[in-house]
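Notes follow once the structure below has been shown.
All values below come from the heavy atoms of this structure, side chains included, with hydrogens, waters and symmetry mates left out.
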Amino acid sequence: MKLDRIDIKILHVLQQNGRMTNVELAEMVNLSPSPCLMRLKKLQSEGYIEGYTALINIAKLGQALTVFTEVTLKNHRQTDFARFLAAIEKIEQLIECHVISGGYDYLLKFVTTGIGEYQEIMERLIELDVGIDKYFSYVVLKSPIRKMQLPLTKLFQPG
């Protein structure tokens with residue numbers, strides 16, 4: 001499926017408010033409701049829209065600690081990567097995992113109840129012997145900028 005500027009606009013608008021009605025969405029992208037709904041269903045079926053979720057204000061719920069962790073594996077065979085990923089994907093407090101080029105292999109993002117819980121997770125991973133050579137932890141003190149929306153209209157401008 002080749003996207004046009006209206007498809008990109010639909011995705012852009014939905015990022016800002018995934019709960020809007022089809023009529024509201026159609027108005028914002030200058031379509032009538034029926035063609036807008038057809039495009040929306042196509043974007044969903046083609047996998048451009050993976051799902052809808054609520055953004056939770058974690059500070060309202062209580063104390064939480066966010067930690068970014070750089071991980072370097074001892075070996076770099078496909079089986080080593082697979083074993084490591086199989087172990088970490090079971091950790092509920094792990095909310096992001098990125099394969100990184102450069103000085104380390106993975107950048108992980110954890111959200112935990114505190115430093116003790118984070119350290120328990122890391123100690124458990126070391127004990128499981130999933131191939132970690134070294135890791136470095138970076139505790140987040142503040143997050144002055146957090147954006148959930150991708151700059152779709154800047155990244156993708158169909159011609």
Side-chain angles (χ1 to χ4, degrees), residues 3 7-25 27-29 40-41 43-157:
L3 301 185
D7 295 320
I8 298 295
K9 181 123 188 199
I10 288 171
L11 295 172
H12 177 74
V13 169
L14 280 177
Q15 281 188 126
Q16 296 166 4
N17 180 2
R19 292 182 58 161
M20 70 174 46
T21 66
N22 181 60
V23 172
E24 293 168 323
L25 178 61
E27 240 174 65
M28 299 213 41
V29 299
L40 179 60
K41 288 187 180 301
L43 289 166
Q44 289 170 337
S45 70
E46 294 287 327
Y48 290 97
I49 298 171
E50 292 182 348
Y52 297 88
T53 189
L55 297 176
I56 307 300
N57 182 346
I58 196 163
K60 290 274 196 188
L61 296 172
Q63 283 273 345
L65 180 75
T66 301
V67 182
F68 286 93
T69 307
E70 297 174 355
V71 174
T72 303
L73 299 183
K74 293 175 191 166
N75 298 303
H76 294 94
R77 299 173 303 232
Q78 196 58 40
T79 56
D80 299 308
F81 291 117
R83 183 175 48 157
F84 176 74
L85 285 174
I88 66 168
E89 71 185 0
K90 297 174 185 149
I91 301 170
E92 194 171 352
Q93 297 89 333
L94 176 70
I95 62 168
E96 290 181 24
C97 172
H98 305 275
V99 177
I100 300 294
S101 68
Y104 53 97
D105 299 315
Y106 292 96
L107 179 63
L108 310 178
K109 182 179 180 182
F110 293 93
V111 176
T112 66
T113 57
I115 199 72
E117 182 182 33
Y118 169 74
Q119 196 56 44
E120 285 174 21
I121 292 167
M122 295 311 297
E123 287 170 1
R124 200 170 334 114
L125 281 174
I126 299 297
E127 286 173 13
L128 286 173
D129 194 25
V130 293
I132 296 174
D133 181 32
K134 59 187 173 190
Y135 71 93
F136 296 97
S137 306
Y138 302 91
V139 174
V140 174
L141 301 177
K142 268 187 193 177
S143 299
I145 298 173
R146 278 184 62 228
K147 296 179 182 178
M148 298 297 136
Q149 292 87 23
L150 298 169
L152 296 178
T153 56
K154 298 290 184 203
L155 291 172
F156 305 102
Q157 298 177 2

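Side chain of N75 to main chain of D80: no donor-acceptor pair is present (N/O by atom type, distance under 3.5 Å, no hydrogens or angles). Within the 3.5 Å criterion, the main-chain N or O of K109 finds no donor-acceptor partner in the side chain of E96.
If you take OG1 on T72 and CD1 on I100, they are separated by 11.0 Å, rounding to the nearest 0.5 Å. One finds the CG atom of L108 at 12.5 Å from the CD atom of Q93 (value rounded to the nearest 0.5 Å). Atoms OG1 and CZ, on T21 and R19 in that order, are 12.0 Å from each other to the nearest 0.5 Å. With values rounded to the nearest 0.5 angstrom, K134 atom NZ is found 11.5 Å from L73 atom CG. Within the model, atoms CD1 of I49 and CD of Q15 stand 10.0 Å from one another, a figure rounded to the nearest 0.5 Å. For the atom pair OG1 of T69 and CZ of F110, the computed distance is 5.0 Å after rounding to the nearest 0.5 Å.
Between Y106 and F84, the ring-plane angle classifies as tilted under the 30° and 60° cut-offs. Using cut-offs of 30° and 60° for the angle between ring planes, the Y135 and Y118 rings count as perpendicular.
Taking the side chain as every heavy atom from C-beta outward, S137 and I115 never approach each other to under 4.5 Å. Using a 4.5 Å heavy-atom threshold, the side chains of K74 and D129 count as touching. Under the 4.5 Å side-chain criterion, counting only non-hydrogen atoms from C-beta, V139 is in contact with V67. Using a 4.5 Å cut-off on side-chain heavy atoms (C-beta onward), T112 and E120 make no contact. The shortest distance between side-chain heavy atoms of L125 and I91 falls below 4.5 Å. Within the 4.5 Å cutoff, no side-chain heavy atoms of V71 are placed close to those of I88. Residues S143 and T66 are not in side-chain contact: their nearest non-hydrogen atoms beyond the backbone lie 4.5 Å or more apart.
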Q: Check the pair H12 / F156 against side chain to side chain contact (heavy atoms under 4.5 Å, CB included), numbers first and verdict last.
A: CA-CA 11 Å; H12 177 74; F156 305 102; over 6 Å; no
Q: For I10 and L14, run side chain to side chain contact (heavy atoms under 4.5 Å, CB included): C-alpha distance rounded to whole Å, both residues' side-chain angles, the deciding distance at 0.1 Å, then the answer.
A: CA-CA 6 Å; I10 288 171; L14 280 177; 4.0 Å; yes
Q: Evaluate the criterion side chain to side chain contact (heavy atoms under 4.5 Å, CB included) for residue pair L3 and L43; output intermediate values, then yes/no.
A: CA-CA 9 Å; L3 301 185; L43 289 166; 3.6 Å; yes
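Between G114 and L65, the shortest heavy-atom distance links the atoms C-CD2, 3.5 Å.
For CE of M122, the number of neighbouring non-hydrogen atoms (other residues, nucleotides, ligands) closer than 6.0 Å is greater than 12. Other residues, nucleotides and ligands contribute more than 12 heavy atoms inside 6.0 Å of the CD atom of E123. Dense packing is recorded around CD of Q16, with more than 12 heavy atoms of other residues, nucleotides or ligands lying under 6.0 Å away.
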